[in-house]
Amino acid sequence: MTHGSVSAFHTCHLLPPRMDIFISLSPTEMAVFLWKNLFQTTMGRILQQRRALLYNGAHEYDEELIKKKLQQFAGGSVNLSKEHSGIGILTLNNSRLMNAFTGTMMLELQERVTELENWKDGKGLIICGAGNTFCSGSDLNAVKAISNSQDGMNMCMFMQNTLTRLMRLPLISIALVQGKALGGGAELTTACDFRLMTPGSEIRFVHKHMGLVPGWGGAARLVRIVGSRAALQLLSGAHGVDPERALHLGLSEGTLSSSDETGSLEEARAWLSQYTEGPASVIQAVKKVVTAGRELPLEAALRTEKDVFGTVWGGPANLEALARRQKHK
Ligand SMILES: CCCC(=O)SCCNC(=O)CCNC(=O)[C@H](O)C(C)(C)COP(=O)(O)OP(=O)(O)OC[C@H]1O[C@@H](n2cnc3c(N)ncnc32)[C@H](O)[C@@H]1OP(=O)(O)O
């Protein structure tokens, strides 16, 4: 594809708003102007789609009310470190309660997801727990205190909104499961693209024993990961899934050799980096087309793929590759 035909492709999609500016540009400046314009328009549309919340006021969801309630159950933190490699490390930190989610941790998770949505250089994400264990679900003290129906529904919608946004991040994500991922912790693992487990760890949907079903979107996502038969077994049996069984079910991508915090994180980073090598714009585009294919009906997914394609076609990485005359031997 020549330079001329790249700009022709873009011209047919965009009319510049100010013709006088347009006429004064050189062909190269014009191509850059059009490419930037198309990129921004398409990115804006994709971002808007991604941020569209699953629940809003139309669903009797009162976000402000539940945020005030969650604020009352304080403790622990959700920390994000953004590394130069484009890999983010999100750590659940509430060692006193085996990293159970307090109310303020739910609020912090939402803030961190917003931060990740705005991370232009991001490519990958590893979610892990502090102190060699993943997460023991919702803080049972908070669960008890908000056991009325309105609070329960609002908390459920709050967490579904957050975990859906997490799942749709344009970053390739891994849940690094050390120790235990129980209840809501098991649900959180399903909002990641991949799960890696350390020796001796377990994922366990304990909800049945609590007289519950998953409410953070874990059942819907689990069915899509392991199929409805295995999902039914995991939810109705409420048995722990060890690394070997998880691998067999397709719930886990692999078992790491190290079970200590630093070693397993290093291994997870190395595993992820084989998929995050390359420019952030391209890695993010890859995740977006896969998210569309996973979530949308075929025709809508194809249209999104076309939009995302438009953001990389003729873009810097594409032009560099063409100039390099890249061979794939
Ligand atoms: C829609 C969301 C659904 C949900 O997530 S419901 C919550 C599901 N999770 C649970 O029921 C976990 C209950 N806890 C357990 O089974 C065990 O504590 C667990 C995690 C296997 C750890 O066992 P151990 O290693 O023997 O340690 P331990 O029991 O002494 O726990 C250490 C301290 O942590 C506390 N803890 C663990 N998970 C918690 C939770 N989710 N909420 C509140 N507190 C929790 C536990 O009570 C103990 O505290 P303490 O020493 O008794 O003061």
Side-chain angles (χ1 to χ4, degrees), residues 54-55 59 61 63 66-67 69-70 72-78 91-110 113 127-167 175-192 195 197-223 231 234-243 246 251 259-261:
L54 193 55
Y55 301 109
H59 304 93
Y61 171 53
E63 177 159 312
I66 191 62
K67 279 176 136 182
K69 268 276 157 64
L70 293 175
Q72 295 166 17
F73 304 98
S77 60
V78 179
T91 311
L92 309 175
N93 201 329
N94 189 10
S95 320
R96 198 173 56 84
L97 305 183
M98 310 288 287
N99 298 330
F101 264 99
T102 60
T104 51
M105 284 170 72
M106 291 183 197
L107 296 171
E108 282 188 29
L109 180 67
Q110 187 196 45
V113 168
I127 303 187
C128 57
N132 260 335
T133 192
F134 189 74
C135 169
S136 65
S138 197
D139 175 359
L140 292 170
N141 307 301
V143 169
K144 248 187 254 162
I146 60 164
S147 60
N148 69 79
S149 167
Q150 189 196 25
D151 286 344
M153 286 295 93
N154 273 326
M155 185 274 291
C156 164
M157 290 188 270
F158 180 87
M159 286 304 284
Q160 281 199 17
N161 273 349
T162 304
L163 293 186
T164 303
R165 286 170 57 198
L166 175 72
M167 180 182 72
L176 165 53
V177 182
Q178 323 114 281
K180 293 187 189 299
L182 302 185
E187 295 194 61
L188 172 61
T189 71
T190 64
C192 295
R195 285 143 293 282
M197 296 177 73
T198 61
S201 64
E202 73 167 6
I203 298 176
R204 187 170 178 192
F205 294 85
V206 296
H207 305 72
K208 184 184 85 164
H209 294 314
M210 304 295 299
L212 293 172
V213 293
W216 296 359
R221 292 187 297 265
L222 184 65
V223 168
L234 296 185
L235 298 184
S236 60
H239 303 305
V241 184
D242 65 17
L251 183 58
S259 40
D260 79 271
E261 212 170 325

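Just so you know, these numbers come straight off a predicted model, no measurement behind them. For ligands, and for the atoms within them, numbers begin at 1 and follow the listed sequence.
- Formation of a donor-acceptor pair under 3.5 Å by the Ser201 side chain with backbone atoms of Pro243 is not found in this model.
- We find the CD-CG distance between Gln110 and Leu163 to be 11.0 Å, quoted to the nearest 0.5 Å.
- Side chain of Asn132 to backbone of Gln178: no donor-acceptor contact under 3.5 angstrom is found.
- Within the 3.5 Å criterion, the main-chain N or O of Met105 finds a donor-acceptor partner in the side chain of Thr102.
- Sorted by chain and number, the heavy-atom contacts of ligand 1 below 4.0 Å come from Arg96, Leu97, Met98, Ala100, Ser136, Gly137, Ser138, Asp139, Leu140, Lys180, Leu182, Gly183, Gly184, Glu187, Val206, His207, Met210, Trp216.
- Judged as a side chain to side chain donor-acceptor pair (under 3.5 Å), the pairs with a partner in residues 204-217 (not counting sequence neighbours) are, in order, Glu187-His207.
- Side chain of Glu261 to main chain of Gly131: a donor-acceptor pair is present (N/O by atom type, distance under 3.5 Å, no hydrogens or angles).
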